[in-house]
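First comes the structure, then the notes that go with it.
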Amino acid sequence: MEFFLQNLWAMWIAVGIFFLVIELCTTALISIWFVPAAGITALLSFIIPKVSWQIAIFALLSAVFMILFKKLYKTKLKKTEDDVKPETSLIGKSGVTQEPTGVHGGRVKCGDVYWRAVSEDGSVIDAGETVIITGVNDTTLVVKQEL
């Protein structure tokens with residue numbers, strides 16, 4: 001600890017590495033702006049020896065980078081409806097019925113996931129048939145037999 005108090009630049013580099021590791025572990029973009037702020041503060045620590053000023057600079061730079069980062073990546077950070085609603089990614093895909101599927105439900109395998117499914121028009125679709133997903137109601141797929 002004494003090393004860091006005598007070499008404040010090393011402390012700020014360690015702080016930057018700490019936040020970089022957190023960011024790499026989470027990938028949630030919650031601490032990325034602290035990394036450049038810590039780097040710049042490390043450089044400024046050679047000019048500004050007071051720790052209280054360095055902490056203030058770090059806080060100010062962190063806020064500035066957070067605001068800039070959010071503005072630059074606003075569209076990338078915002079979840080689209082495609083990310084939230086599974087139906088947009090499942091509609092139009094095909095699956096295979098695992099058991100007879102009708103108005104009361106059955107099971108369909110789509111990719112490597114088994115889903116509860118109902119027939120779009122109420123007709124019974126035999127097991128082993130290829131179906132097309134036409135809709136999603138909560139966790140139930142609406143399917144029709146592929147022609």
Show the nearest heavy-atom pair for residues V124 and P100, with the distance to one decimal.
CG1-CB, 4.2 Å
Does a side-chain heavy-atom distance below 4.5 Å link L141 with L90?
yes
Correct closest heavy-atom pair for R116 and H104 would be NH2-O, 3.2 Å
Calculate, to the nearest 0.5 Å, the distance between atoms CE and OG1 belonging to M11 and T41 respectively.
9.0 Å
What pairs of donor and acceptor atoms, side-chain ones from residues 30-40 against any protein atom, are under 3.5 angstrom apart with sequence neighbours left out?
unit_1	atom_1	unit_2	atom_2	d
S31	OG	F19	O	3.1
S31	OG	E23	OE1	3.3

Using a 4.5 Å cut-off on heavy atoms from C-beta on, say whether the side chain of W115 contacts that of R107.
no
Tell me whether L24 is reachable from I22 by hopping between hydrophobic residues (I, L, V, M, F, W, Y) whose side-chain heavy atoms are closer than 4.5 Å.
yes
CD on Q98 to NZ on K109, rounded to 0.5 Å
6.5 Å
How close do I132 and S94 get, heavy atom to heavy atom, and via which atoms?
CD1-CB, 3.9 Å
Using side-chain heavy atoms (C-beta onward) and a distance below 4.5 Å, is I133 in contact with C110?
yes
Is there a side-chain contact between N137 and V142 (heavy atoms, below 4.5 Å)?
yes
List the atom of T97, the atom of T101, and the distance in Å for their closest heavy-atom pair.
CG2-OG1, 3.7 Å
Got E146 and V131 here, is their nearest side-chain heavy-atom distance under 4.5 Å?
no
Pair T134, E120 - check side-chain hydrogen bond (donor to acceptor under 3.5 Å, both in side chains), show working.
CA-CA 8 Å; T134 60; E120 179 181 62; 3.1 Å; yes
Ignoring hydrogens and geometry, is there a side-chain-to-backbone donor-acceptor pair from D121 to S123 under 3.5 Å?
yes
Can you tell me how far CD1 of I125 sits from OG1 of T130, rounded to the nearest 0.5 angstrom?
10.5 Å
Report all side-chain donor-acceptor pairs from residues 53-68 shorter than 3.5 Å, counting only partners two or more places apart or in another chain.
unit_1	atom_1	unit_2	atom_2	d
Q54	OE1	W12	NE1	2.7
Q54	NE2	I48	O	2.5
S62	OG	F58	O	2.8

Which heavy atom in A42 sits nearest to a heavy atom in I13, and how many Å separate them?
CB-CD1, 3.8 Å
